[in-house]
Amino acid sequence: MEGAFDVTALEETTGTRLSFHCWPSSRLEATRSVAPFGALYTPLRKLPPQSAPTQALPYDPIRCACHAVLNPYCEVDYRSKLWTCPFCLSRNPFPQHYAENITETNLPAELIPQFSTVEYTLQTIPNAGSPVFLFVIDTCGSNANKEELAELADSIQQCLNLLPPETLVGLITYGTNVSVYELASENIAKSYIFRGNREYSPGRVGELLGCTQRAVAGQAGHPHPPQAPGGPPHPQPTVGGPAQEVLERFLLPVSECSFVLETILDDLRRDPWPVPNDKRPARATGCALSVATSLLHLAIPRRGARIMLFTAGPCTSGPGAIVSRMKEEDIRSHADLQKNAEPLHKPACEFYAKLAHPSLFALQSTSDHNKKKKPAPTPTSSPFHVVDVFACSLDQVGLLEMRELVEATGGLMVLGDSFGQSVFKESLRRVFQRFPDEIPEDGGQLQMAFSCTLEVLTSREFKVSGAVGPVTSLEKDGPNVSENVIGKGGTNLWSIGGVDPNTTIAIYFDITNPGNTPLPEGKRRFIQLLTKYQHANGSTRLRATTLCGPWYNPPALPKDDPMAERQAMMNSPVRMSFDQEAAAVLTSRMAVYQTETDEVGDVLRWVDRCLIRLCAKFAEYEPDNESTFRLSPEFSLYPQFMFHLRRSQFLQLFNSSPDEAAYYRYVLCRENTTNSLVMIQPTLLSYSFNGPPQAALLDAESVRPDVILLLDTFFHVVVFHGETIGAWREQGYHEQEEHAAFRDLLEAPQSDAQLIMDARFPVPRYIVCDQHKSEARFLMAKLNPSVTHNSNLDDGGGSSGGGAQVNTDDVSLRVFMEHLMKLAVQT
């Protein structure tokens, strides 16, 4: 059965990667398999026309009583016009317009066998209109001099030109106080000032902006709010209400207010409040986000929008503050968080978390602070308003505290050093990417969606344990919800919020079928993933992806015969269907999720135990004889994935701040399988005069004086010149005609690096360095330390094989594998 499973084909046709493609039929065998049974699902992945209809179907789906959608795996009785649901096995009649036309040769799109993914445009939900973008700008950052603000203003102005003309935009700036700009005021820049030391409910924001029923009722001649070509905004604001007033004054189509907005951006100045030398600026980030979320909730509670926060330092004033203004007090570190020695951390986290759902939280007045707090209410729907954070500062800004808000709304995080850096400027521009014009129906639309929810349905033999990614549980219980929780579990329905074509959710399953009841031969398992979202054109869509796969009943074996059991395992299709890349990403997400509650050391030990048990289960070996240890090709790369995961910035906190750790972990938990693997085990290419570029081992042995290395860690792209190459470049040989080959060698990795950066979000930091120079650390820190200052040079550690010495106490991959083999073969 070698090669019977193409583990990557499913991703091309459905946007899904599974850790195992053939599942054992009993809970006991699934537990013994160690690796998680799960799926990595990318809801908005564009699929080829042979796998899904090229356009969304313009009608609502047909559903079973169990909520499953009609799909190609349903059994259809063409004579009685009934279909059988593969999930609950109930029989359902077709609607009349289906029953009159359906035959074996005339099938609707959702029953065509190759269309396992079908997308519907729901007709029962009115079109909401194009999305809204509300820019929230920090004017008092540590680097917020005139040049910094000018760079930021220029980037935002460029983005305005990328928006469809009917898109609504708004502007808020903040420092000590918060300013909301009235874009309908053409003659003079007009803004409303909010005190930065408090939070504001939607009703209070409307009152302070003069957007109330009473204020508008006495005025006449107000035009109707702008409407998108696809239909009226949803919900239609009441005539004369505060929502209409906000849409007329503060949130305007970019085609109408671009001149006013660009004028305001050109005139941006640093926050005028004086800052003593021994204090930090009074930065009211929390208040600004409170005003922004309340403004959108007041005006467009059910319309897709993005709050784009541009911050250059930590919040020091009002709600959400993470550090005091006194510079003598340091910002929180990993050690402070471990000791619970940071009193501002938990209140800030709670404040930002509740901003995702402003309507659920009744704001407490100052007099209520001493009263007993009620538990946080559970959201019942996905947020329509996404919060993105663009943090450009050499200091921490509070990403750790804001992560829950960004995660709950499906937002983006970008971390850079300054607003003039390409990491920020290019990343911001790519947020507004559109689908190519040649794509049917979606051509020219922004590559984003809003208010996304994901529901998972399963057949009866297994249940849903949970999900890890930018998701929030909507706490919908059901018969397919497992008691064994992984990640955010106890539900089969999650809120994702904002999504883009790379957003990927990890879903974990629990096989519950008892071992004493083997399944019938030929029995199949079914998974249906229902993704409901608001498209960038304002319509509401439902994407239904249905997966089908085989079960495997282990043969009956004689008792107390370990050799027979091992031989059966070697021939098991479960073993041959293993996708080590998907399993590595699923395990990595589980490990990262555990770091939120457990010590990193405990998580590392859990990773080690799982790896040892996996190798003991699936490797070929003689007991207590490590020299006979062999891993089949399906498992051969998995140990080195775990080796690099253990050394990565996702589990090792050394040399990273709490903000950086939160950023790296958040990006890992939302990217697709390929990008996640690059983060876990970076790719390395070697360029030399000996031939074309070739993949190199991520090892110190690959560093040689006469080669150029191209390292891709996802967050950084490093072009590393060997010592000899660097010396030749310094001598200017590449500028001489007779050394054109050397010039081509220098240019080749730079061209390839540009291709990598052109296709990635966030844009990685580009580093060009030479061997033995300071920035070479970005490469050396990622290499397997096969040659260190502790190496025994007599055993081939470094003198004869070449390579560069890595100054670390970490064990090498060879030592790691030796210990793994020794522990795996122990009886």
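- Between Phe37 and Phe20, the ring center distance clears the sub-6.0 Å criterion.
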Verdict with reasoning, Leu547 to Thr14, per side-chain contact (heavy atoms from CB on, under 4.5 Å): CA-CA 8 Å; Leu547 308 176; Thr14 65; 3.8 Å; yes
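- One N or O on the side chain of Arg525 and one on the backbone of Pro550 form a donor-acceptor pair closer than 3.5 Å.
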Which atom pairs, one a donor and one an acceptor, fall under 3.5 Å between side chains of residues 107-117 and the rest of the protein, sequence neighbours left out?
{"unit_1": "Glu110", "atom_1": "OE1", "unit_2": "Tyr59", "atom_2": "OH", "d": "2.9"}
{"unit_1": "Glu110", "atom_1": "OE2", "unit_2": "Tyr98", "atom_2": "OH", "d": "2.4"}
{"unit_1": "Thr117", "atom_1": "OG1", "unit_2": "Thr545", "atom_2": "OG1", "d": "3.1"}

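- Counting heavy atoms of neighbouring residues, nucleotides and ligands inside a 6.0 Å radius, atom CD of Glu521 does not exceed 12 of them.
- With sequence neighbours excluded, no residue satisfies side chain to side chain contact (heavy atoms under 4.5 Å, CB included) with Glu483.
- Applying the side chain to side chain contact (heavy atoms under 4.5 Å, CB included) rule to Val406 yields the partners Val389, Met413, Tyr666; only residues at least two apart in sequence or on another chain are considered.
- A donor atom on one side chain and an acceptor atom on the other are not found under 3.5 Å apart for Thr504 and Asn672.
- Residues Asn625 and Val825 have side chains not in contact (no heavy-atom distance under 4.5 Å, counting atoms from C-beta outward).
- Summarising the local packing, NZ of Lys822 is surrounded by 12 or fewer heavy atoms from other residues, nucleotides or ligands at distances under 6.0 Å.
- The environment of Glu620 atom CD is dense: over 12 non-hydrogen atoms of other residues, nucleotides or ligands sit within 6.0 angstrom.
- The stretch residues 500-510 participates, sequence neighbours left out, in these salt bridge (Lys or Arg N to Asp or Glu O under 4.0 Å) pairs: Arg27-Asp510, Asp500-Arg670.
- Ion pairing between Glu29 and Lys617 holds under the 4.0 Å rule for side-chain N and carboxylate O.
- Of the possible polar contacts, none joining the Ser33 side chain to the Ala35 backbone as a donor-acceptor pair under 3.5 Å is found.
- Between Glu599 and Arg605, no side-chain nitrogen of the basic residue sits less than 4.0 Å from a carboxylate oxygen of the acidic one, so the salt-bridge criterion is not met.
- Contact detail for Tyr120 and Val69: the closest heavy-atom pair is OH-CG1, 3.6 Å.
- We find that Arg17 and Glu11 are joined by a salt bridge, their nearest charged nitrogen and carboxylate oxygen being less than 4.0 Å apart.
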Residues Gln580, Val7; criterion side-chain contact (heavy atoms from CB on, under 4.5 Å); working and verdict: CA-CA 9 Å; Gln580 54 193 332; Val7 295; over 6 Å; no
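- The side chain to side chain contact (heavy atoms under 4.5 Å, CB included) test applied to Ala408 returns Ala356, Thr472, not counting sequence neighbours.
- Between the side chains of Gln528 and Thr546, at least one donor N or O lies within less than 3.5 Å of an accepting N or O.
- No donor-acceptor distance shorter than 3.5 angstrom exists from the side chain of Arg613 to the backbone of Val34, with no hydrogens or angles considered.
- Glu671 pairs with exactly one of Thr673, Thr674, Asn675 by the side-chain hydrogen bond (donor to acceptor under 3.5 Å, both in side chains) rule, that one being Asn675.
- By the 6.0 Å contact criterion, CD on Glu404 is open, its count of non-hydrogen atoms from other residues, nucleotides or ligands being 12 or less.
- In this pair, Phe618 and Phe635 present their aromatic rings parallel. The plane angle is below 30°, not in the 30 to 60° band.
- A donor and an acceptor atom, one from each side chain of Tyr638 and Thr587, are located under 3.5 Å apart.
- A pairwise comparison of heavy atoms in Leu44 and Arg543 identifies C-NH1, 4.2 Å as the closest pair.
- No side-chain heavy atom of Tyr352 sits less than 4.5 Å from a side-chain heavy atom of Val387.
- Partners of Leu519 by side chain to side chain contact (heavy atoms under 4.5 Å, CB included), not counting sequence neighbours, listed by chain and number: Ser25, Glu461, Asn513, Lys523, Trp551, Asn553.
- The residue from Phe526, Phe462, Phe578 that alone fulfils the ring-ring contact (aromatic ring centres under 6.0 Å, His included) condition with Trp23 is Phe462.
- For the residue pair Pro383 and His357, the shortest heavy atom distance occurs at CD-CE1, 3.7 Å.
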